[in-house]
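The structure appears right after this line, and notes come after that.
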Amino acid sequence: GAVVSQHPSWVICKSGTSVKIECRSLDFQATTMFWYRQFPKQSLMLMATSNEGSKATYEQGVEKDKFLINHASLTLSTLTVTSAHPEDSSFYICSATKYRGMDEQYFGPGTRLTVT
Amino acid sequence: AQSVTQPDIHITVSEGASLELRCNYSYGATPYLFWYVQSPGQGLQLLLKYFSGDTLVQGIKGFEAEFKRSQSSFNLRKPSVHWSDAAEYFCAVELGQAGTALIFGKGTTLSVSS
């Protein structure tokens, strides 16, 4: 199998605080992990691409100082939303690929972030 | 720019009836193509994928999709819909080498009436 987990599944934080979301590949080593954001009843928008041991590549319009991504190992990537604001409330989904080539992305179950 | 279009925002189908969800992409070459399903508050589940070869792809839960190069389409079909199929369906493409980021369509919400 290829299972990706996310923790927490749901988090509420106060405006101005930071929150960290973990994405783990449980039974495989992920060469690349992706972070997506999904607003209610909308599609997924890619935020950044993360490779183990290197800096993440952010999509245009995504603030890298606000959304800190760390890919410390081949099984773990973290997304930290710094100084969160209510407009950061969203559903954050990560995905991972095993290796380059003809492979698919394996998605985590998502993390619902609510900033009050 | 590359894009994925799902023309139907919301579709309602009677239980037992057939279903077709449309997906068109805009890209110079043939991308890798995917259909995902998302239930409320849940992550994405892969229904099927097309990389190459046979243009009619079979997936899970009785779904299939057909890649038509001439129409730049990858429509999803199911011959008989079940109430449990009610969900959000996303078509996605992966450009170039697999392992790169996906571009998603806006999704189609499927409702199933009894």
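Every chain is numbered from 1, with letters handed out A, B, ... down the list of sequences. Just so it is clear, the model here is predicted, and its values are computed rather than measured.
Put simply, NZ on Lys49(B) and CD on Gln105(A) are 11.5 Å apart, with the number rounded to the nearest 0.5 Å. Atom CG of residue Leu102(B) and atom CZ of residue Phe34(A) lie 7.0 Å apart, to the nearest 0.5 angstrom.
Note: the hydrophobic cluster containing Ile21(A) does not contain Leu46(A) (ILVMFWY, side chain heavy atoms under 4.5 Å, direct or indirect links). Ile11(B) and Val37(B) end up in the same hydrophobic cluster when Ile, Leu, Val, Met, Phe, Trp and Tyr side chains are linked at under 4.5 Å. Note on Tyr106(A) and Leu76(A): separate hydrophobic clusters, where clusters join Ile, Leu, Val, Met, Phe, Trp and Tyr whose side-chain heavy atoms are under 4.5 Å apart, directly or indirectly. Put simply, Phe28(A) and Met33(A) are part of two different groups of oily side chains (I, L, V, M, F, W, Y) that touch within less than 4.5 Å, one to the next. In the hydrophobic clustering of ILVMFWY residues, with side-chain heavy atoms under 4.5 Å counting as a link, Leu46(B) and Phe90(B) come out together.
Residue-level contacts of residues 53-65 of chain B with chain A do not occur; threshold 4.5 Å between heavy atoms. The interface of residues 103-114 of chain B with chain A, defined by heavy-atom distances below 4.5 Å, comprises Phe104(B), Gly105(B), Lys106(B). Listed in order of number, the residues of residues 81-94 of chain A that approach chain B to under 4.5 Å between heavy atoms are Phe91(A), Ile93(A).
A 4.5 Å side-chain heavy-atom check between Tyr36(B) and Leu44(A) finds every atom pair outside the cut-off. For the pair Gln38(B)/Phe107(A), no side-chain contact is recorded, criterion being any heavy-atom separation below 4.5 Å from C-beta on.
For Lys66(A), the NZ atom is densely surrounded, since the number of other residues' heavy atoms within 6.0 Å is greater than 12.
Under the side chain to side chain donor-acceptor pair (under 3.5 Å) criterion, His7(A) pairs with no residue, sequence neighbours left out.
There is no contact between Glu59(A) and chain B, counting heavy-atom distances below 4.5 Å. Both the backbone and the side chain of Leu44(B) come within contact range of chain A, judged by heavy atoms closer than 4.5 Å.
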